[in-house]
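Read through the structure below, which is laid out as structure tokens, and then see the notes.
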Amino acid sequence: MAADSDEMHERLIKSFQPRLRNLIAVQQVLDLLDFVTPDQKERIRQKNTNEGNRAAADALVTAVIQKPHQAGWFRAFVDALEGSGCGYAADYIQNKIPEPEVETENDNCVRLIQILSPSLVDMKVAEVRVHCLSQELITQDDSEIIAAATRNHGAKTGARELLGRIVRGRPGWFSKFLSILLETQHTKLYYELTGGSPDCDKQAGESETPSLTQEDPCKSSVLAGRKIRQQIQTRGEYKGEMSIILPLCVSDGARCAGAARDGEADDITLRDYQMKVVRPALEGKNIIICLPTGWGKTRAAVYVAKKHLDSRKAAGQTGKVAVLVNKIPLVEQHYSAEFLPFLKPMYKVERVSGASQLKISFVDTLRKNDVIICTAQILENYLDRSRTGEDEGVNLSDLSLIIVDECHHTQKEGVYNEIMVRYLKQKIKNAKLKKEQKPTVPLPQILGLTASPGVGGATKLDKAVEHILRICANLDASKIMTLPPDQLKRDSKKTVKPVEDRKEDPFGDVIKKIMNAIHYHAQLKPNGDLGSQIYEQWVVQMERKAVLEGDHKVRACAEHLRQYNEGLGLSNTIRMWDALNFLNKYHEEEMKNKTTPDEEQVIQITDTERFLFNLFKEYKEELHKLANNPDYENKSLSILRTKILQEFSTRQDARGIVFTKTRRVAIALTQWIQENPKFADLDVKAAYVIGGGDQSVVKPMTAAEQKDVLTKFRSGEVNLLIATSVAEEGLDIPKCNVVIRYGHVGNEISMIQTEGRGRAEDSTYTVVDVKDSGVAEKECVNEYRKDMMNKAIDKIGALKQDAYDKKIQEFQIQAIMEYRLRMKMKQKEDIKNEDPSEVKFSCRGCSQEVCTGEDIEVIEDIHRVNVTPQFRELFIRKESTKRKDSLLDYETNGYIVCGKCGQRWGSMMYFRGIQCPSLHVKNFVVAISGKNMPKCSKWTDVPARFSAFDYVAHADQLVESSDEEDA
């Protein structure tokens with residue numbers, strides 16, 4: 001029994017070793033470990049001195065898991081980690097894994113500290129150290145080591161020691177560190193970390209930011225995590241793909257919107273289980289309906305809406321229903337496939353999204369219709385307008401029923417929760433008014449819909465119960481209505497396919513050889529294994545540092561290393577040929593940027609750039625030869641091929657979805673299937689469906705393209721979809737009987753939604769592992785969390801109503817207090833007050849001075865343009881192979897590059913007939929009062945306000961110059 005336990009502990013430690021390297025403070029842990037021999041300790045300490053903490057951590061782990069084991073060795077290791085301030089590492093080896101979103105947010109916190117360390121080392125380290133010790137961000141030993149480093153090597157070295165130690169803490173350390181910066185008067189550093197004063201005026205109707213949950217008592221860390229994500233990722237609220245328009249009916253055999261005949265509404269017939277879960281809602285109670293994907297939650301909500309409006313009409317009262325969704329395209333889906341066909345013509349139904357709400361007043365639309373389907377952000381914007389009185393808005397009392405789709409997002413600072421906090425505040429006010437025998441403000445009924453509330457990263461049942469109760473409290477739900485687990489089970493065969501390393505990988509070896517040559521050329525010492533995420537983060541850090549320091553040799557090398565690192569990852573996921581095409585296309589684009597259309601202007605090529613181009617050229621033929629050898633293909637692709645062929649050869653009518661991580665992989669897998677005759681022999685007809693957002697370098701799909709693919713899939717013209725996370729929520733295809741997750745697994749909510757894509761009784765669900773992805777282990781964790789979630793829901797259902805109501809009331813008061821705390825933090829955010837003349841822009845590629853903030857003008861609060869004659873002399877215009885963006889007032893046509901080095905600067909835009917070069921700030925180094933900004937990836941990062949574009953003045957200048965030419 002002990003041997004089995006030891007083996008399990010060994011596996012856990014080994015599986016998390018890449019993370020433990022960064023979380024273990026070797027010197028302190030060694031002092032607390034008794035079972036490691038003195039000789040081993042000395043060797044590990046020597047390794048720490050010569051090669052650093054990460055290499056020493058690997059040696060320490062090897063010593064710890066070395067057999068034979070002493071009795072209690074694992075507990076001793078855990079205690080040593082806890083005692084040395086490495087509690088987060090102790091959590092991992094005890095399988096106390098944080099929720100993926102929390103883990104990602106914490107990693108982003110660490111990454112942000114690394115990226116901004118050049119600024120952070122200027123802190124008053126002695127003062128900050130004392131506060132960090134009192135807040136338990138560091139141990140007493142840590143404090144003494146930091147103090148010694150400061151005395152012996154200076155304040156910056158001490159600051160680096162401090163930063164390196166606080167990032168090893170459990171999630172929540174970042175928010176404490178922010179508080180410490182404020183307490184110690186490091187306001188500027190605080191704003192650097194939080195992004196200054198972010199643009200709170202979201203475009204109405206944009207996707208809602210997915211909220212994150214964690215057990216850490218410092219609730220503000222969630223808000224900090226949100227700000228970090230906004231700084232580190234490209235603009236866009238979702239980590240996954242943007243959602244898509246799905247012109248499909250639900251699985252209950254209902255007709256689509258177009259099938260309604262003669263303007264008559266379709267009848268709504270609920271199944272027994274649907275009627276059971278909606279019954280409290282029909283009595284006017286607030287509830288959450290929790291049913292798996294494909295079990296007709298939305299149909300049940302339509303039924304509730306109709307009965308609600310019928311009862312209001314019968315009582316002579318006005319009924320107003322708002323259906324809230326968290327993604328723009330779901331507005332059209334719910335409108336066309338559900339609410340319109342079943343409610344028209346008896347009731348007026350309208351949808352409002354980002355585009356439509358600009359044409360018609362939302363307030364008027366609400367006034368003239370009975371049912372409004374909209375993104376939650378639009379409703380929140382108009383609720384806020386009513387509060388501020390700056391414009392015509394709406395109140396919650398204007399609505400009688402709110403239906404919240406995907407209501408598990410009603411947490412923390414998510415937009416759903418912003419709306420519901422308003423509701424809860426008014427509910428408390430109403431209770432006070434009632435006691436005072438004063439009139440109360442009417443509040444709408446609430447109906448939440450979800451396939452899975454999740455467990456919020458809980459590792460214990462009580463915490464999972466608490467997480468779900470918080471969601472219930474936020475939605476003011478009197479019950480969470482679901483079915484017993486035995487009634488929810490489908491006979492879906494689930495398998496996990498592990499992957500073994502390739503015995504030979506000469507293709508990857510050549511790429512690594514190229515990368516090592518670049519390391520040598522730039523005198524770089526890589527951090528992490530080539531092809532790993534840790535290495536990727538290191539390269540990004542090197543690139544940012546080089547840009548700030550004007551080191552174009554390292555910058556160019558780092559940019560190429562990033563591409564090679566991605567190429568390595570692609571070769572482990574898709575064909576070597578696809579990885580080679582990716583690298584080849586990158587080099588072709590880079591060479592293209594070094595040429596001019598008329599060849600009259602010479603763009604400089606540095607010695608380093610020439611070295612990089614020649615290096616790829618030198619090995620290109622060898623890579624080409626290896627890519628054509630099928631013996632070296634990765635094992636994951638082979639497993640995927642076997643699985644698809646097996647399913648389509650044994651089923652009469654196979655219909656499947658393969659979920660993968662990135663757009664690039666989805667497109668490559670589709671091409672691989674289409675080009676393979678074995679798939680064609682079995683009539684496998686593949687197509688990909690990816691998101692419509694522009695946060696990726698891969699061209700997005702338009703809504704029309706998405707709709708076309710999905711229509712073909714439903715009709716059978718396409719029988720295998722290759723999809724990114726875009727298809728996890730909302731896709732409704734009854735006959736889908738094959739679901740495969742390829743090299744990508746999310747959290748338990750994502751897993752449940754993905755499993756729900758397989759609707760047929762004999763459906764299968766397969767997880768195919770990919771090297772270094774860890775999906776097999778994550779899927780096991782998700783299964784555990786799923787079981788815990790079901791037990792938690794059962795436990796909540798067994799609570800007596802008095803006990804349930806008491807807990808709900810406590811969590812509601814806490815939600816309001818957390819909201820007030822967030823509002824206070826928002827009020828402290830920086831105001832953009834830098835003088836535009838002090839903001840200077842230089843080329844990222846060659847450091848050429850380009851312009852100042854005085855030259856920048858803003859069109860429609862979105863586009864930053866420079867139309868000065870001086871700027872026109874500095875760039876070269878090039879034609880773009882991508883689709884032109886054409887809107888009512890402007891269109892983009894081509895792009896502009898630095899005339900000196902070929903670095904891309906932005907796009908060429910025509911605004912009402914005027915040619916306006918539009919700048920993308922990520923392509924420039926931004927300096928304020930002579931100091932370079934460490935990170936500036938979007939315009940909201942620049943703490944200055946630029947003047948609005950004066951169209952009339954510029955148009956007059958064009959007319960005058962035209963008249964002079966004619967004369």
Side-chain angles (χ1 to χ4, degrees), residues 22-23 25 28 84-89 91 98 101-147 149-150 155-198 212 214-232 412-413 537 541 818 821-822 824-826 828-830 934-935:
N22 300 310
L23 297 178
Q28 290 98 307
S84 59
C86 304
Y88 197 24
D91 289 346
E101 286 89 345
V102 176
E103 185 178 69
T104 300
E105 291 297 342
N106 190 71
D107 290 345
N108 282 343
C109 291
V110 175
R111 185 178 173 195
L112 190 64
I113 292 292
Q114 293 170 342
I115 291 170
L116 298 183
S117 59
S119 299
L120 294 171
V121 295
D122 292 331
M123 71 175 76
K124 294 175 282 188
V125 65
E127 192 174 346
V128 173
R129 173 177 59 83
V130 173
H131 282 74
C132 286
L133 180 61
S134 67
Q135 290 288 328
E136 298 183 347
L137 289 184
I138 57 175
T139 65
Q140 183 63 47
D141 285 346
D142 288 331
S143 179
E144 292 172 3
I145 291 170
I146 294 165
T150 305
K156 289 192 175 182
T157 301
R160 291 189 188 97
E161 280 287 345
L162 184 146
L163 294 173
R165 292 171 188 278
I166 64 172
V167 297
R168 293 175 180 146
R170 290 184 171 99
W173 59 267
F174 184 78
S175 58
K176 292 181 180 179
F177 184 55
L178 288 180
S179 299
I180 290 170
L181 289 179
L182 287 177
E183 290 171 11
T184 54
Q185 305 301 312
H186 291 85
T187 310
K188 187 174 180 181
L189 294 180
Y190 170 85
Y191 285 132
E192 281 200 49
L193 285 172
T194 56
S197 180
L212 305 173
Q214 60 190 70
E215 293 179 49
D216 194 284
C218 191
K219 306 299 179 184
S220 60
S221 66
V222 178
L223 180 61
R226 178 182 180 186
K227 293 178 180 296
I228 295 161
R229 184 171 62 254
Q230 291 172 342
Q231 294 221 14
I232 289 182
K412 307 301 177 187
E413 71 273 14
Q537 293 171 357
Q541 185 180 355
E818 289 173 6
L821 176 62
R822 291 197 299 272
K824 286 182 180 179
M825 289 185 68
K826 284 182 179 179
K828 294 179 181 179
E829 290 174 349
D830 196 12
K935 183 181 181 302

Distance, nearest 0.5 Å, that separates [atom1] of [X] from [atom2] of [Y]:
| X | Y | atom1 | atom2 | answer |
| --- | --- | --- | --- | --- |
| Lys176 | Glu183 | NZ | CD | 12.0 Å |
| Thr150 | Arg129 | OG1 | CZ | 7.0 Å |
| Glu127 | Leu181 | CD | CG | 10.5 Å |
| Leu189 | Ile180 | CG | CD1 | 13.0 Å |
| Leu112 | Asp107 | CG | CG | 12.5 Å |

If we only count heavy atoms from C-beta on, is the [X] to [Y] side-chain gap below 4.5 Å?
| X | Y | result |
| --- | --- | --- |
| Glu105 | Val102 | no |
| Leu193 | Leu120 | yes |
| Pro98 | Asn106 | no |
| Phe177 | Leu163 | yes |
| Pro934 | Ile115 | no |

For [X], check side-chain contact (heavy atoms from CB on, under 4.5 Å) against everything at least two apart and list the hits.
| X | answer |
| --- | --- |
| Val167 | Val110, Ile113, Trp173 |
| Ala89 | Leu20, Leu23, Ile24, Leu81, Cys86 |
| Glu144 | Gln140, Asp141 |

Here the pair of heavy atoms bringing Gly158 nearest to Ile146 is O-CG2, 3.5 Å

Scanning both residues in full, the closest heavy-atom pair of Ile166 with Cys132 reads CG2-SG, 4.3 Å

Contacts satisfying salt bridge (Lys or Arg N to Asp or Glu O under 4.0 Å) that involve residues 156-167 (not counting sequence neighbours) are Asp122-Lys156, Asp142-Arg165, Glu161-Arg165

Next on the checklist: Atom NZ of residue position Lys124 - does it have more than 12 heavy atoms of other residues, nucleotides or ligands inside 6.0 Å?
Outcome noted: yes

Side chain of Arg170, backbone of Gly87: donor and acceptor closer than 3.5 Å?
yes

Sorted by chain and number, sequence neighbours left out, side chain to side chain donor-acceptor pair (under 3.5 Å) with Glu103 holds for Tyr92

Residue set satisfying side chain to side chain donor-acceptor pair (under 3.5 Å) with Thr184, at least two apart, ordered chain then number -> His186

